[in-house]
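Reading through the structure tokens given below for one structure.
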Amino acid sequence: MAEAPEGGLHQGLQQRHLSMIAIGGVIGAGLFVGSSSIIGTVGPGAFLTYAVTGVLIIMVMRMLGEMAAANPSTGSFSDYARLALGDWAGFTVAWLYWYFWVIVVGFEAVAGAGLLQKWLPDVPLWAASLGLLLLMTATNLYSVRSFGEFEYWFAGIKVATIVVFLLLGCAYVFGLWPGHAMDFSNLTPAAGFLPNGVGAIFSGIVVVVFSMVGAEIATIAAAEAKDPERAVVKATRSVVVRILIFYIGSVFLLTVILPWDGLAPKQSPFVVAFERMGIAWAADLMNAVVLTAVLSCLNSGLYTASRMLFVLAGRREAPGGLTRTTRSGVPARAILASTLIGYLSVVAAYVSPDTVFLFLLNSSGAVILFVYLMIAVSQLVLRPRTPPERLRVKMWLYPVLTLLTIAGMVAVLVAMGFQDDTRSQILLSLASAAVVVVAWGLRRAVFGRSVAAAAE
């Protein structure tokens, strides 16, 4: 494979790619399928859980947008953590984020294979997983533009599905649907608007926050766009509208159309809602859309992991050979190294689904919240150091909203420790973070000087 003489990434992404990548990172299988469990837990007021979680994500993206617009870089928030808190923070955030996404890549490959088996039941799960992983690896290896094009169309399908649902759902809810009068009675059932109490709104945040992960990818991809500052500004500003419309709007319609206690945990409420409207082919349609969402997550996860590994290698915090790029500006070695963990995860899912694979999932479960927390702390520290002319995007009501966001994320992490189904995730994720911090300490002890200074 020919190497690029300059050894750098190419600016092959366009503004339309960045916009769709921002959308694709927000809409995932967690909305299309996972929302059923939230509705069943919280009740008709489930959209309030999405609203509270959405506010947290919007705050984090606004802070990240402020830093990224002032200083676009491929390392994005790992570089900002390094600037704000030191080498240990940049090292820790980058490796934890890489670990989170390589595990997601393996998980999504297995999940996508499960969806494919509904149409191809004779294909073994491992073979289908391997096929999907190879497809997305090839896409990422070809060029950054091919990644952008795939993500553009994947995200477009998801957005189109949500828009169609919003239009049809509004017609159904407001009595514009043939044979159906306006009816909001499902919001006020006999058990009440919040049948499990106000606390259920906040307990659901732990699950919902993971379904909204990915909006930050746009700030990483912006470094490979032709106008990174403009791309970051547009992507971060649009997240607010997208979360409000796609998540809160669609979940609100779902709770109006469907009884809150009539959904199975792994059943797509969108399928049930479409069937309630009399659209019989909804199941096959949504299965295809969910598969698209899974492939989108797999595609963007592999891209993001490889770029983080590329940055780590450039900082001499990973093997230096991983910085080599092809003539098309693709860090092929970083992509293949990240893919390797995905392949191992697929093997683990086949050989030991209830032990090794489950351990991998749990050990990365809360990692993304650690990363978001570090983003907020970094912005809190860097804002006073940033020249006013570089602040093209500003965090609202700094530092009050920054501090409230930090407090909110800490509360979510503490809540995970008190819930039986998430306690193992927080404990194993803390162990993962501890391993990375210890690795940084050992590396520092061996080399005896600043990694950042060595890289420079």
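With a 6.0 Å radius and a threshold of 12 heavy atoms from other residues, nucleotides or ligands, W126 has its CH2 atom at or below the threshold.
Applying the ring-ring contact (aromatic ring centres under 6.0 Å, His included) criterion to F150, with sequence neighbours excluded, gives F154. Residues that satisfy the salt bridge (charged side-chain N to carboxylate O under 4.0 Å, His left out) test with R276, not counting sequence neighbours, are absent from this structure. Every residue meeting the ring-ring contact (aromatic ring centres under 6.0 Å, His included) condition with F270, not counting sequence neighbours, appears here in chain and number order: F32, F165. Considering only residues two or more places apart in sequence or on other chains, W98 meets the ring-ring contact (aromatic ring centres under 6.0 Å, His included) condition with W95.
Of all heavy-atom pairs between M416 and T422, the closest is O-OG1, 2.9 Å. When all heavy atoms are compared, the tightest approach of A81 to V93 is CB-CG2, 4.0 Å. Of all non-hydrogen atoms in G169 and I257, the two that sit nearest each other are CA-CD1, 4.1 Å. Between L391 and R383, the closest heavy-atom pair is CD1-NE, 3.7 Å. Of all heavy-atom pairs spanning Y172 and H180, the tightest one is O-ND1, 2.9 Å. Residue V290 comes nearest to L115 through the heavy atom pair CG1-CD1, 3.6 Å, listed as atom of the first residue, atom of the second, then distance.
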Run L380 and L403 through side-chain contact (heavy atoms from CB on, under 4.5 Å) and show every step you take. CA-CA 8 Å; L380 183 68; L403 292 170; 3.9 Å; yes
L302 and S338: CA distance, side-chain angles, deciding distance, side-chain contact (heavy atoms from CB on, under 4.5 Å) verdict: CA-CA 7 Å; L302 184 54; S338 299; 4.1 Å; yes
Give the intermediate values and the outcome of side-chain contact (heavy atoms from CB on, under 4.5 Å) for residues Y343 and S129. CA-CA 9 Å; Y343 290 129; S129 302; over 6 Å; no
Quick one: do V330 and Y142 satisfy side-chain contact (heavy atoms from CB on, under 4.5 Å)? Show the steps, please. CA-CA 7 Å; V330 172; Y142 185 71; over 6 Å; no
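Between the CG atom of L291 and the CG atom of L298 there is a distance of 10.5 Å, given to the nearest 0.5 Å. Note that the CG atom of L382 and the CG atom of L83 stand 6.0 Å from one another [nearest 0.5 Å]. Remark: L263 CG to I38 CD1 distance equals 12.0 Å, nearest 0.5 Å. From M136, atom CE reaches atom CD1 of I335 across 12.5 Å, with rounding to the nearest 0.5 Å.
Side chain to side chain, S363 and Y99 meet the donor-acceptor criterion of an N or O pair below 3.5 Å. For the residue pair N299 / N140, a side-chain donor-acceptor distance below 3.5 Å is found, with atom types taken as modelled. Residues K158 and T292 bring no donor and acceptor atom of their side chains to less than 3.5 Å of each other.
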With a cut-off of 3.5 Å and sequence neighbours excluded, list every side-chain donor-acceptor pair involving residues 39-65.
from : atom 1 : to   : atom 2 : distance (Å)
T41  : OG1    : S37  : O      : 2.8
T49  : OG1    : I201 : O      : 2.9
T53  : OG1    : T49  : O      : 2.8
R62  : NE     : K394 : O      : 2.7
R62  : NH2    : K394 : O      : 3.1

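Within the structure, salt bridge (charged side-chain N to carboxylate O under 4.0 Å, His left out) pairs that include any residue of residues 113-141 do not occur (at least two apart or interchain).
T402 places no side-chain N or O within 3.5 Å of a backbone atom of Y398 that could act as its donor or acceptor partner.
No option in T161, I162, L168 other than L168 meets the side-chain contact (heavy atoms from CB on, under 4.5 Å) test with V164.
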